[in-house]
Amino acid sequence: WLNAALGIVGKAPELCNFLGLSPEFIGITIVKEKKIEAYECLFKVEPMPPAKGLTTVALPNQILLGIDMTGVQLFDAKTRALIDGEGYPYHLIRSWSWHQPSDDDWYVVLTFGEDQKGFRLQLQTDEGKEICAKMRAFATELAVNLRKESLEQMATPALQTKLAEMRAKLKRAEARESGSFKKHTKLQAEITAVEEVLAKRAESTEGK
């Protein structure tokens, strides 16, 4: 219903700010309540002090982290019940990273944007690297789908030039910051989106 209403009234900056949405997300369903079985990836994690979520609700000692195309959702590890209010669509998450501060401890950290006052959710897990990789894969796929519509309006030569420029930019960035899962996701999504649009055009030309 809200998406339909927004389709009528438009994507005014004031309205987007009120809803806490980026304009590019309007028109798609970004959050919907689902059962734990619906999430593609589940990881057991333990919240680090202070053990509270984005809504400041106290979290259980152990939780399940569900990840898919809509974002991240926290569940109670014992009851497997959804923790109300602790669902995070990707546009709210500014970055994610994993690190090992000691030989025994591994963390994954979700950092939220300015609207959430830079809230950081630190989770103890030995699967931080896998979690970050999955989040990057899902976020990139979502971003690709969002960008393809506008790219399809561009001429092929312009797209080819844009692709070459972005590949060079990504190569330079990776040389400076190798091994990070939270960086370059947006740029990689742009590259993938252009590649898919060009590939579709090539297939269409070959078919003719």
Side-chain angles (χ1 to χ4, degrees), residues 1-32 34 38-41 67-72 87-97 110-116 130-208:
W1 179 89
L2 182 57
N3 280 332
L6 290 169
I8 297 172
V9 302
K11 304 179 181 182
E14 297 82 1
L15 180 58
C16 294
N17 186 56
F18 172 76
L19 294 172
L21 291 177
S22 297
E24 64 181 347
F25 285 93
I26 292 179
I28 64 169
T29 300
I30 56 172
V31 183
K32 53 184 178 181
K34 297 177 291 188
Y39 280 83
E40 187 162 339
C41 301
I67 305 172
D68 69 359
M69 276 289 290
T70 63
V72 177
Y88 319 130
Y90 289 114
H91 78 280
L92 292 183
I93 305 174
R94 187 180 66 193
S95 65
W96 53 86
S97 59
L110 308 185
T111 303
F112 296 84
E114 294 180 3
D115 290 342
Q116 293 77 38
E130 291 78 6
I131 290 172
C132 289
K134 288 294 184 181
M135 288 185 66
R136 181 179 186 180
F138 283 124
T140 300
E141 184 177 351
L142 177 60
V144 167
N145 292 335
L146 289 170
R147 286 164 171 74
K148 281 167 68 173
E149 183 177 350
S150 61
L151 291 171
E152 286 170 350
Q153 309 304 315
M154 295 178 62
T156 297
L159 282 176
Q160 292 170 334
T161 300
K162 183 179 180 70
L163 179 60
E165 291 173 349
M166 290 190 300
R167 282 175 173 171
K169 184 177 180 181
L170 179 62
K171 188 174 181 179
R172 292 194 299 270
E174 288 180 333
R176 293 193 306 267
E177 305 163 340
S178 61
S180 175
F181 284 91
K182 67 179 181 180
K183 296 181 175 67
H184 322 315
T185 303
K186 181 178 179 180
L187 182 56
Q188 184 61 65
E190 291 274 6
I191 291 173
T192 303
V194 173
E195 289 174 339
E196 290 187 6
V197 171
L198 288 174
K200 184 177 180 181
R201 290 182 183 179
E203 290 177 4
S204 177
T205 301
E206 291 175 0
K208 294 178 180 179

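Remember, predicted model here, so these are calculated numbers, not experimental data.
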| NZ-CD distance between Lys162 and Gln160, expressed to the nearest 0.5 angstrom | 13.5 Å

Return a table of donor-acceptor pairs under 3.5 angstrom between the side chains of residues 194-201 and protein atoms on other chains or two or more places apart.
{"unit_1": "Glu195", "atom_1": "OE2", "unit_2": "Arg167", "atom_2": "NH2", "d": "2.8"}
{"unit_1": "Glu196", "atom_1": "OE1", "unit_2": "Lys148", "atom_2": "NZ", "d": "2.9"}
{"unit_1": "Arg201", "atom_1": "NH1", "unit_2": "Met154", "atom_2": "O", "d": "3.0"}
{"unit_1": "Arg201", "atom_1": "NH1", "unit_2": "Thr156", "atom_2": "OG1", "d": "3.0"}
{"unit_1": "Arg201", "atom_1": "NH2", "unit_2": "Glu152", "atom_2": "O", "d": "3.0"}
{"unit_1": "Arg201", "atom_1": "NH2", "unit_2": "Met154", "atom_2": "O", "d": "2.7"}

| field | Shortest non-hydrogen contact between Ile93 and Phe112, atoms and distance | value | CG1-CE2, 3.8 Å

| What pair of heavy atoms forms the shortest contact from Leu142 to Tyr90, and how long is it? | CD2-CD1, 4.1 Å

| query | Considering all heavy atoms of both residues, which atom of Leu151 and which atom of Ala193 are nearest to each other, and what is their separation? | reply | CD1-CB, 3.5 Å

| query | How far apart are the closest heavy atoms of Tyr39 and Ile67, and which atoms are they? | reply | CD2-N, 3.6 Å

| request: First locate atom CE of Met135, then atom OG1 of Thr140, and finally report the distance between them rounded to the nearest 0.5 Å. | output: 11.0 Å

| query | Side chains of Glu40 and Lys134: does their closest heavy-atom pair fall under 4.5 Å? | reply | no

| Taking every non-hydrogen atom, the tightest pair across Cys132 and Trp96 | O-NE1, 3.4 Å

| Exercise: identify the closest heavy-atom pair between Cys41 and Phe138 | SG-CE1, 4.0 Å

| Does Thr192 have any side-chain hydrogen bond (donor to acceptor under 3.5 Å, both in side chains) partners at least two apart in sequence or in another chain, and if so, which? | Gln188

